[in-house]
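To start, the structure under review is shown below, and the notes come after it.
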Amino acid sequence: MNIHKIPQIKHTESGNFFLLAGPCAIESEEMAMRIAEKLVGITDNLQIPFVFKGSFKKANRSRIDSFSGIGDEKALKILRKVSETFHVPTVTDIHTNEDADMAAQYVDVLQIPAFLVRQTDLVVAAANTGKVVNLKKGQFMSPESMKHAVQKVLDCQNENVMITDRGTMFGYQDMIVDFRGIPTMQQYATTVLDVTHSLQQPNQTAGVTGGRPDMIETVAKAGIAVGVDGIFIETHFDPANAKSDGANMLHLDYFESLMTKLVAIRKTINTF
């Protein structure tokens, strides 16, 4: 997929990786706009093609009392306001066939969660909207098996598809990134590395997912070094009090420093 196909995306001639970043979930308009404004400023300064990320609904939570959203239409309208205010594309997760048509009215990229990437009807519903489709690699899947998920989108006459690696299960309560999978998946589609979800520590006894945010820079640098096309990072100005996935998000205050380092690595890689 050519990232030029993503509406409103900028800085595509810079030679940089592209970035999908934002909060895990849309908690409020003020929160989303605050994070978006900061990320737009950083990515414009560093010439990084940028897509704002935010889940309008969190359907796959460990506990029934976990935060799942502020209301579908309310959250989707906030995503549209981010796009219209800052002139950037947006991406959100979908979980049902009905979500595909609804979310497609508000965002530019539809994301299939890792646990659902084998659900044919859902993938086809996303593809049939004509939107860009981002397929999260299942934690339980090999890189090679993602060619079949990609083919489902292509068979719907939609060539705008990308894969995002979000790590592979390592035991019961840890994730690991197999960097050998990146060039493998690049044979099938544009490939993104989801840095923060790759550092989750799921299935904790408390029912709240843990994480290793101290390793974000390490994994992100490695991803750029091996030539991944894009980077996915969730960020928040107050991760400790975020309503979803706070344990593995990057604090917004550290975002510019990390992006500056990644751009420098990409510039070096481009000389090879």
Review point. Got a sec, which residues hit side chain to side chain donor-acceptor pair (under 3.5 Å) with K5, two or more places apart in sequence or on another chain?
Key: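 Counting only residues at least two positions away or on another chain, K5 forms no side chain to side chain donor-acceptor pair (under 3.5 Å).
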
Review point. Considering only heavy atoms from C-beta outward, does the side chain of T235 approach that of H251 to under 4.5 Å?
Key: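 Result no, sub-4.5 Å side-chain heavy-atom pair not found.
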
My understanding is that only residues two or more places apart in sequence, or in another chain, count here; which of them pass salt bridge (Lys or Arg N to Asp or Glu O under 4.0 Å) with [X]?
| X | answer |
| --- | --- |
| K38 | none |
| D72 | K57 |
| D229 | none |
| D253 | none |

Who are the side-chain contact (heavy atoms from CB on, under 4.5 Å) partners of [X], not counting sequence neighbours?
| X | result |
| --- | --- |
| F179 | V177, I182, L193, V219, A222, V226 |
| I269 | I265, F272 |
| S55 | K53, K58, D93 |
| K147 | Y188 |

**Study point:** Contacts of type ring pair (Phe, Tyr, Trp, His ring centres under 6.0 Å), residue F232, not counting sequence neighbours
**Key:**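 Residues passing ring pair (Phe, Tyr, Trp, His ring centres under 6.0 Å) with F232: H197.
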
Check your understanding: How many angstroms lie between CD1 in I112 and CD in Q119, if you round to the nearest 0.5 Å?
Key ->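 One gets 10.0 Å once the value is rounded to the nearest 0.5 Å.
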
**Study point:** Contact list for residues 260-272, test side-chain hydrogen bond (donor to acceptor under 3.5 Å, both in side chains), sequence neighbours left out
**Key:**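 Listed by first then second residue: E217-K261, R266-N270.
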
Review point. How far apart are the closest heavy atoms of F17 and P49, and which atoms are they?
Key: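 What the structure gives for the nearest pair is O-CD, 3.3 Å.
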
Exercise for review: Hey, could you give me each pair passing salt bridge (charged side-chain N to carboxylate O under 4.0 Å, His left out) that has a residue in residues 131-142? Not counting sequence neighbours.
Suggested key: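 Passing the test, one end in residues 131-142: K136-D194.
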
